[in-house]
Amino acid sequence: MNEYPIPEGRKLERARGVFGEIEEVTTLLRATPGNGATTIAPSRLFAHATGATTDDPDVQAVLLRSPATRAAYRRMLESSTRFTLPEAMAASSGGPAAREGEGCRIRFERSRAEPNLFFVIVELTDEAAEPPQALIVCDADDRCRQFPLPGMRDGIAQMIADENSDLMRFLGDPKSRAYLR
Amino acid sequence: MKRIAVFVATTGGPARIERITRERAAQSVVCLKRTSTVLPISGAYDDFVRPGSGVIEREFGPFDEGAFRLDVSAPIGAGESWQLGFFVAHAVAASDARLAGPDDDPDVVIWLTGRVDYDLNVGSVGHLAEKLHTSQELFARWTTAGVPTTVFVHAGADREAVAVAGLPDGIRVVPIRAAREALIAIGIAAASNTAAIPPRARDTSASSNPRIRPRFAWISAGAVVVIAAAVALTDNSWRSLFVAPTADRAASARSDPPAQAMPIVETTTPAPVAVKQIEQPPMASAPTVTILERRPPAGKTCADVQFGGIEAVTSPVPVADGEARPSAGAGLCGLAIEVDNGPRERFAYVAIDMVSGRMLSGTIKPSEFEGAAAFSGRRAWPLDLPRRLPEPFEYRLFVVAGAQAIGDDAHRLGGGAGRDAALAALSGQGFSVATVRHRVAP
């Protein structure tokens, strides 16, 4: 075990300066592609939140590490999505609870043919609304996952998901919120 | 219980329909190998199932609320040639037979490719040679195992393609023009709500069904016989003449109700303008057209008539001024359009255009009613009504007759902008054209 004497006075100030420089260098190095960023430009975060980009590993890495970035992402997401599904209703078919938001609804039906599968049914009450392309689910810690939606028909998008899939896990969390973008 | 293995032909090889399950889903889906993989044809399949756009729920329903999950053993790409196989698979599932799954030893193997339209007519498909080639292993397997194997294709070009490609010995080829013919061949015709008219009900020629009598007399010799065609042509120069049927015909219908009005024929001469009149050979006797109501005999139901081989009681529908007397849907199993050419061979083309509502036929229009083959005596086209008739429907019947084969102009009578031009063209060619509107109320 190593032991360090804690500096005081001017020595402490100098140590802070040195470690600050080291941190800046580390940040610069990690910001290069492939090294994983610790900070990210707001424009990239916004692009990710609005769906302009969907596969930005740096953004995903920062979101994984930074609660503050996740919170910012969540705010951007909420401002850019048209449908929010915040409320839980009674569970159906032993699956996750249905959710209903303004102009939309999501429900779950367990498959009779394959009981480990669920039909995930996203319905828009306004069939004329522009069909959303993705379902995003965020938990209480602002960890969000995005799932592409199949094409809507008559205001309905339907997916089949395994009960152990990420989609069902996120939607099965009663504290999570879902968004349609 | 007979186990039937249904294979849909694709260019990548046959895809077995393994299972059909009614689910509490919002849309019907096609899944691959019992997984969560949804095939891209699911949207088209959902359309094919839904009442209104499709035929499955109409033909085999009603079902519990929900939709179908249909599992196949191999991917099925774009196109519509899967429709015949899916239709028959649903018929199997709705019948006393069983859809053989991947672990079942089937009693019968069927291989199908063809489109199915809203009237259950089967359409031709492409890439048949490739589909047959990629199915050789399947054919060899089941014929070696001694399992009866049948190939269903559209009669015509597809049948020719099969003949050219060749099949192993023991494979039965059944060319069809309507989906119900496949059900009959498999022995599951009763599974369908409307597609299962017993074959003898279709052949209502004079010899096979003497109870059907002509009620819609028609005089044509050299003139154009039109009922309400004047409405379409809006030409006041058309002259009407109504002729009642002969008394012996009226009396010969086994269970005709007392006639409220005598069947009527409107005969007109063609307008002198814009119509080129070609002299047709004079007809020895007038062909007649009759609209018949088909009801169950006493103590029987429409189900007995449509599925049980019980012969319907027929009664003619009186016609006046190009309008048939409205029919009451209660107890009405269906209608029939009968053309009687008498002893002389003539050509006839029959078309129905829906004016409002929807009528389900699901039955086969006699090939002679396409205007390409002459016939003598009677031919009838039975039309079935759905079990429940929620709203009235009205249709317009067109019948074209003549001593010559009737060309493509007649095919434009079924609706669309070309109808008036078709009427004029047919009249100009000297054909007789009869038109009647008929309304059926619930």
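Lettering of chains follows the sequences in order, A, B, ..., and the numbering in each one begins at 1.
Under the 3.5 Å distance criterion, with hydrogens and angles disregarded, no donor-acceptor pair is assigned to the side chains of B:W111 and B:T149.
Among B:T37, B:D46, B:V38, B:V29, the residue making the largest number of heavy-atom pairs under 4.5 Å with chain A is B:D46.
Figure legend: B:R22 and B:F68 shown as a cation-pi pair, the cationic atom lying under 6.0 angstrom from the six-membered ring centre and within 45 degrees of its axis.
The pair A:E102-A:R82 does not count as a salt bridge, with every side-chain nitrogen at least 4.0 angstrom from each carboxylate oxygen.
Residue A:S176 is tested with A:R169, A:R143, A:R99, A:R145 for a side chain to side chain donor-acceptor pair (under 3.5 Å); the sole match is A:R99.
Contacts of B:T35 with chain A are made by backbone atoms alone, with heavy-atom separations under 4.5 Å and no side-chain atom involved. Contact annotation for B:R69: only side-chain heavy atoms (C-beta onward) come within less than 4.5 Å of a heavy atom of chain A. Heavy atoms of A:L117 lying under 4.5 Å from chain B belong exclusively to its side chain. Of the atoms belonging to B:S36, heavy atoms from both backbone and side chain fall under 4.5 Å from chain A.
Ring to ring, A:F119 and A:F108 are not that close: their centroids are 6.0 angstrom or more apart.
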